[in-house]
Amino acid sequence: MSADTASPPLLRLSGVNKSFGDHQVLHDIDLEVRTGEVVVLLGASGSGKSTLIRCVNRLETADSGDIALDGLPMPLEGKELARMRAQVGMVFQSFNLFGHKTVLENVTLAPTRVKAIPRRLAEERARELVARVGLADKLDAYPAQLSGGQQQRVAIARALAMDPRLLLFDEPTSALDPEMITEVLDVMTQLAAEGMTMLVVTHEMGFARRAADRVVFLDAGRIVETAAPEEFFASPRSERARDFLSKILTH
Ligand SMILES: Nc1ncnc2c1ncn2[C@@H]1O[C@H](COP(=O)(O)OP(=O)(O)OP(=O)(O)O)[C@@H](O)[C@H]1O
Ligand SMILES: [Mg+2]
């Protein structure tokens, strides 16, 4: 959680624009995330949160502007892009585990295939990570045999297995029943405390208050507010943020 302010930002977006057809979804986005920093992205449905996060690892391609990881522009395609992507883990709302593979296989797949890490080493590391998310007894289970919260924790272990420099989360708990949300947020809070650099879209305001170094509020594709969480929640500056908070906090 203690951001390193001496070095250049790990992630920098400058002047990023993105349209779908004639609908401009992102307007001139400038955003920096420093190593060790946890940034929570908030905004109403349709404000462009997923699009922004997907532009970071080029699941979507920005129309203009620059996206750089550690000062290096995100490559357009090919091996260079694959190499940069390997440094950026992503956890989605829909866990996206391979259903025909066990937990252990899900967590070892990318390191062995993409990074050519020897199976024995990859499995050793996978056991460690799966234990860290509290699922040491589920290594041989298939995703369908796990609860949603357990599947999402496996998805986090899988992302960590690539030793990412940055983790992106897009509403990782939105598909979960309330009793499973906490177990996933606890893992994320732990990661934040250990210094993982994270850009997180979530509607879990408790997590934002507890774990975020900075809250970035998006409205209709524009960043309208950036603040420390205590400041944002206590006294949002923009009318849109006040409106958003009044809706989200009252149910
Ligand atoms: N592939 C696409 N094609 C066309 N329009 C899209 C596409 N993806 C997103 N959009 C539009 O872009 C806008 C922003 O969508 P986005 O998914 O980024 O919002 P969001 O803030 O993540 O919303 P939510 O909170 O509902 O997930 C929306 O109006 C959406 O309909
Ligand atoms: Mg979204």
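Atoms within a ligand are numbered from 1 in the order they appear, just like the ligands themselves. We number each residue from 1, following the sequence as shown.
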**Q** Considering only heavy atoms of Ser50, which atoms of ligand 1 have at least one such atom less than 4.0 Å away?
**A**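 Counting from 1, the qualifying ligand atoms are 17 (O), 18 (O), 20 (P), 22 (O), 27 (O).
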**Q** Counting only protein atoms, how many N/O/S atoms are less than 2.8 Å away from the Mg ion (ligand 2)?
**A** 1
**Q** Short list, please: which atoms of ligand 1 are under 4.0 Å from a heavy atom of Ser47?
**A**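 Taking each heavy atom of Ser47 in turn, ligand 1 has 19 (O), 21 (O) under 4.0 Å.
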**Q** Salt bridge or not for Glu123 and Arg120, using N-O below 4.0 Å?
**A**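 Judged by the 4.0 Å cut-off on N to carboxylate O distance, Glu123 and Arg120 do not form a salt bridge.
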**Q** Looking only at side chains, do Asn17 and Ser64 share a donor and an acceptor under 3.5 Å apart?
**A** yes
**Q** Checking Val88 against Met90 for the side chain to side chain contact (heavy atoms under 4.5 Å, CB included) test, could you report, in this order, the C-alpha distance in whole Å, the side-chain angles of both residues, the deciding distance, and whether it holds?
**A** CA-CA 7 Å; Val88 182; Met90 175 122 187; 5.9 Å; no
**Q** Between Arg153 and Val133 (side chain of the first, backbone of the second, donor and acceptor by atom type, cut-off under 3.5 Å), is there such a pair?
**A**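 Yes.
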**Q** What atoms of ligand 1 come closer than 4.0 angstrom to any heavy atom of His23?
**A**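 Near His23, meaning under 4.0 Å from one of its heavy atoms, ligand 1 has 29 (O).
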**Q** Which part of Val25 is near ligand 1, with near meaning a heavy atom under 4.0 Å away: side chain, backbone, both or neither?
**A**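 Side chain only; the backbone of Val25 stays clear of ligand 1.
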**Q** Would you say that Asp213 contacts Arg34 through its side chain, given a criterion of any heavy-atom pair below 4.5 Å between the two side chains?
**A** no
**Q** How about Arg214: does its CZ atom have over 12 heavy atoms from other parts shown lying under 6.0 Å from it?
**A**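 Yes, CZ of Arg214 has more than 12 neighbouring heavy atoms, counting only those of other groups under 6.0 Å.
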**Q** Identify, for atom 26 (O) of ligand 1, the protein heavy atom at the shortest distance, and state residue, atom and that distance.
**A** Ser45 OG, 2.6 Å
**Q** Below 3.5 angstrom, do we get any N/O pair linking Lys49 and ligand 1?
**A**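 Yes, there is a polar N/O contact under 3.5 Å.
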**Q** Less than 4.0 Å between atom 30 (C) of ligand 1 and some protein heavy atom, yes or no?
**A**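 Under the 4.0 Å cut-off, atom 30 (C) of ligand 1 has no protein heavy-atom neighbours at all.
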**Q** Taking 4.0 angstrom as the limit and counting only heavy atoms of Glu171, give me the atoms of ligand 1 inside it, by number and element.
**A** 25 (O), 27 (O)
**Q** With a 6.0 Å cut-off (strictly less than), is the heavy-atom count around CZ of Arg119, excluding the residue itself, greater than 12?
**A**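 No, the 6.0 Å shell around CZ holds no more than 12 heavy atoms from other groups.
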**Q** Does the pair Met180 and Gln150 meet the rule for a side chain to side chain contact (heavy atoms under 4.5 Å, CB included), with working shown?
**A** CA-CA 8 Å; Met180 292 169 194; Gln150 291 171 334; over 6 Å; no
**Q** Looking at Asp163 and Arg125, is any side-chain nitrogen of the basic one under 4.0 Å from a carboxylate oxygen of the acidic one?
**A** yes
**Q** Between the side chains of Arg58 and Glu77, is the shortest nitrogen-to-carboxylate-oxygen separation below 4.0 Å, so that they form an ion pair?
**A** no
**Q** Answer yes or no: is there a donor N or O on one side and an acceptor on the other, between the side chain of Lys18 and the main chain of Thr61, under 3.5 Å?
**A**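 Pair found, side chain donor or acceptor close to backbone of Thr61.
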**Q** Would you mind listing which atoms of ligand 1 come within a distance below 4.0 Å of any non-hydrogen atom of Ala44?
**A**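 Close to Ala44: 21 (O).
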**Q** Which residues pass the salt bridge (Lys or Arg N to Asp or Glu O under 4.0 Å) test with Arg165, not counting sequence neighbours?
**A**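 Testing Arg165 for salt bridge (Lys or Arg N to Asp or Glu O under 4.0 Å), a comparison that skips the adjacent residues, returns Asp70.
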**Q** Starting from atom 15 (O) of ligand 1, locate the nearest protein heavy atom and write down its residue, its atom name and how far away it is, to 0.1 Å.
**A** Thr51 OG1, 3.8 Å
**Q** Please state which protein non-hydrogen atom is closest to atom 23 (O) of ligand 1 and give its distance, to 0.1 Å?
**A**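 For atom 23 (O) of ligand 1, the nearest protein heavy atom is Gly46 N, 2.8 Å.
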**Q** Got the closest protein heavy atom to atom 1 (N) of ligand 1, with its distance?
**A** Phe20 CE2, 3.5 Å
